[in-house]
Amino acid sequence: MTGQFAPLDWIVVAAYVAALVVGGYAFSRRRTADAEEYFLAGHTVPAWLAAVSVLSATQSAATFLGGPDYGYRSDYTYLGGVLSSVFAALFVAKVLIPRFYAARVTTVYELLGQRFDARAKRAAGGMFLVGRVLAGGARVYLAAIAIAMVMLSSVSAASIMLAAAAVMVAAFLFTFVGGLRSVLWNDLIQFVIYVGSAIAVFVFLWTSIPASTPQIVDALAAEHKLLLFDPSTDLAKPFTILSIFTGLFLLNVANAGLDQDTTQRLLASPDAKTGARGLMMSAIASIPIIAMFITIGLLLHIFYNRPDLMGSANVAATRFSGEKVTVFVHYILTQIPPGLRGLVTIGVTAAAVATTNSALNAMSSVLITDFYRPWRERTAGKPERHYVHAGRWGMGIVGLAMFGAAVLSFYWQRYTDTPLLEFALSVMSFAYAGLLGVYAVAVFTTRGTTGSVIAALVGGFVTVLLLQPWMGLELTTLAFPYQLCVGTLVATVIAAIPKSRLS
C-alpha cells in the first residue's frame, strides 16, 4: 500500500472543507453586537458544550500523534499522569472559577488588575500571550508533520510551513466572524471528527493483528508496557506517581485555571457552578480518549516489532522510504486504506483547527480586553462594535505570531529530539511557572506588589529557560514537570518578597 492520496481520500477532505465553509457561512449571518458576545458568547454556554470545547482545545494534535508515539515507545504511564488533571480540575472548580465569576472578569488576568493594578494585569496577559504563542505554535507544528507527510509526502521545512499555513488559514477563517460562539460549535464538530477517526483507526489496527487479544495482552505485559503508575523517584522521568502530585498537578492547574485559552470557555457559562461542572466533565472524559490513543501506540508496537505475532501480515510493514518522524504517521502512510486515510488526515487537521481557533480567540480577547481597550478608552470612547472589529484584527496579529512559533518548533524539536508529546507539554511550562507563582501569592496571601508580580513572571520564565537541556547546566536532567516546580517556586518567592501596600 502506498502513501499517496487516492481520489477517495480527496473526496473525504473536500467534504470536510465544505463543512468548514458551510459552518463559517452560518455564523457569518449572525451579527455579533458587542465584545462580551464575541469573547464570552453572551454567557450562554451549557456545561456539556463547555466540556466538549475544553476537550477539543486540550486534546490537540499533540494527543493525536503524541499519544500513539508515547505508547509505541513506552507504556501507559502518561495515562496514569492524566489523574493529575482530575485533581487539578477539582482545585480550579472549587478555588479559582468562583473567584473569576465573583469578579465578573472577561479574562482571568483582570483578577490581578483588581488585586494590584492594570500593569500587573497587562504583565500577566503578556506572559500568557508569549506562552500561548509558543504552545500553540508547537501544536500547529505537530499537526503540520502529519498533514505534510500524508498529503505532500515530505517533512521538509517548506512542506511543514505550507501545512502549518493551511491550518492557520482554516482556523482563522472559521473564527474570524462569529467569535467564541463559532469556536464552541466548531469545537463540537471537530471533536466528533477527531474522536471518530481515532476509533476507526483503532478498530482497523486491532483487527489487522492476527494474534488473539490474550496473546496481545500477554506480549505487552511481558515487555512491561502495561505499566500505569510508575513508582520511580527518578526526576528525569516526566510521568511518575511523584510527578502526578507535583509538576503535572501544577501544569493542569495552570492549563485549566490560568490559561485564557481554557478558562474563556468556562467563563462563558451562565454561572460559576455551570463552568465548574463543564471543567470536571472534560477532565473525566479525557481519560478514555487518551487511553485509546496510547493503546493505538501499544498495538503499533505489536504490529511493527512482533513478527512472531503478526506472521505474514508483517511483510513490508517496516518498509518506508520517507522520513519516519512518528510511528503513527508511518502507519497512516503505509497501511491505512483509501478513504480511511483521508478521514484520519482530517482527524489530525480537526484537532489542529480546533486548538488553533480557540487559541486565536483567547489571545485576541486578552490583547483587546487587557491592552487595547484600556488604552483606547483613555484617549477616546468607541462603540462596542469597534472592539469586535479590533478583536478580528487581533486574531490576525496573533495568528502570524503562532505561525512563526510553528516554524520555530520545527527546528527546536529536531534539535532537541524530544518525543512529540513531551515537547508539546514542556513548551507550556515557560509561561505557566510565573503565572502559578503570581496567582499563588495573589489568591492565598496579602503580600506582593505590581513590581514583584512583573519580576516573578520574568523570573519563572527565565528559570525554566535555564533548566532546558541545551543550556548545559547541571540541573538540565530534570523532566519538564520538575522544571515547572522549580520555576513556580522561584516565581512564588519573588512575588511574595514585598508586603502589599494595602496590607
Side-chain angles (χ1 to χ4, degrees), residues 54-55 57-59 62-63 66 70 76-100 108 127-128 131 135 227-263 266 276 278-287 289-291 294 421-422 424-445 456 460-461 463-464 467 478-493 495-496:
V54 168
L55 273 171
T58 55
Q59 302 288 303
T63 305
Y70 188 86
Y76 275 118
T77 50
Y78 174 68
L79 178 62
V82 175
L83 185 63
S84 64
S85 68
V86 178
F87 296 145
L90 279 169
F91 176 84
V92 172
K94 296 294 183 182
V95 177
L96 294 180
I97 291 179
R99 289 176 183 267
F100 295 145
V108 297
M127 184 56 68
F128 158 75
L227 179 66
L228 183 60
F229 297 106
D230 186 353
S232 172
T233 57
D234 184 353
L235 299 185
K237 292 184 176 182
F239 305 112
T240 63
I241 294 176
L242 179 62
S243 69
I244 289 174
F245 295 100
T246 54
L248 293 178
F249 174 77
L250 291 176
L251 182 78
N252 283 288
V253 167
N255 180 259
L258 306 180
D259 190 321
Q260 180 68 9
D261 192 14
T262 303
T263 54
L266 308 175
L279 177 60
M280 289 303 306
M281 290 168 62
S282 69
I284 294 171
S286 69
I287 296 174
I289 296 173
I290 292 174
I294 295 179
L421 191 59
E422 191 173 334
L425 292 174
S426 64
V427 169
M428 301 163 70
S429 300
F430 287 88
Y432 283 174
L435 289 171
L436 283 163
V438 165
Y439 273 85
V441 172
V443 173
F444 297 111
T445 78
F461 187 97
T463 299
V464 175
L467 292 173
L478 286 177
F480 75 88
Y482 305 111
Q483 294 175 7
L484 180 59
C485 288
V486 176
T488 300
L489 178 61
V490 170
T492 302
V493 171

Does a side-chain heavy-atom distance below 4.5 Å link Leu235 with Leu242?
yes
Under 3.5 Å: donor-acceptor pair, side chain of Thr262, backbone of Asn255
yes
I'd like to check the ring-ring contact (aromatic ring centres under 6.0 Å, His included) partners of Phe430; sequence neighbours left out, ordered by chain and number.
Trp412, Phe461
Thr77 and Tyr70 side chains, donor-acceptor separation under 3.5 Å:
yes
For Phe87, give me all partners under ring-ring contact (aromatic ring centres under 6.0 Å, His included), at least two apart in sequence or on another chain.
Phe245
Sequence neighbours left out, what pairs pass salt bridge (Lys or Arg N to Asp or Glu O under 4.0 Å) with at least one residue falling in residues 91-100?
none
Residues passing the side chain to side chain donor-acceptor pair (under 3.5 Å) test with Ser84, sequence neighbours excluded, are Asn252
Sorted by chain and residue number, the side chain to side chain donor-acceptor pair (under 3.5 Å) partners of Tyr439 (sequence neighbours excluded) come out as none
With sequence neighbours excluded, what pairs up with Thr463 under the side-chain contact (heavy atoms from CB on, under 4.5 Å) test?
Leu467, Val486, Val490
Begin from the C-alpha positions of Val464 and Tyr432 and carry the test side-chain contact (heavy atoms from CB on, under 4.5 Å) through to its verdict.
CA-CA 10 Å; Val464 175; Tyr432 283 174; over 6 Å; no
Test of understanding: with side-chain contact (heavy atoms from CB on, under 4.5 Å), list the residues that count as partners of Ala431, not counting sequence neighbours.
Met127
What pairs of residues pass the salt bridge (Lys or Arg N to Asp or Glu O under 4.0 Å) test when at least one of them lies in residues 240-259, not counting sequence neighbours?
Arg132-Asp259
Parallel under 30°, tilted from 30 to 60°, perpendicular over 60°: which one fits the rings of Phe444 and Phe91?
tilted
For the student: nearest non-hydrogen atoms of Thr263 and Leu258, plus distance:
CG2-N, 4.1 Å
Within the side chain of Gln483, is there an N or O that forms a donor-acceptor pair under 3.5 Å with the backbone of Leu478?
yes
Go through the structure and list residues passing ring-ring contact (aromatic ring centres under 6.0 Å, His included) with Phe229, not counting sequence neighbours.
none
Scan for salt bridge (Lys or Arg N to Asp or Glu O under 4.0 Å) pairs involving residues 237-252, sequence neighbours excluded, and state none if there are none.
Asp230-Lys237
My understanding is that only residues two or more places apart in sequence, or in another chain, count here; which of them pass ring-ring contact (aromatic ring centres under 6.0 Å, His included) with Tyr76?
none
Rounded distance (nearest 0.5 Å) linking atom CG of Asp234 with atom OH of Tyr482
8.5 Å
Side chain to side chain donor-acceptor pair (under 3.5 Å) partners for Thr246, two or more places apart:
none
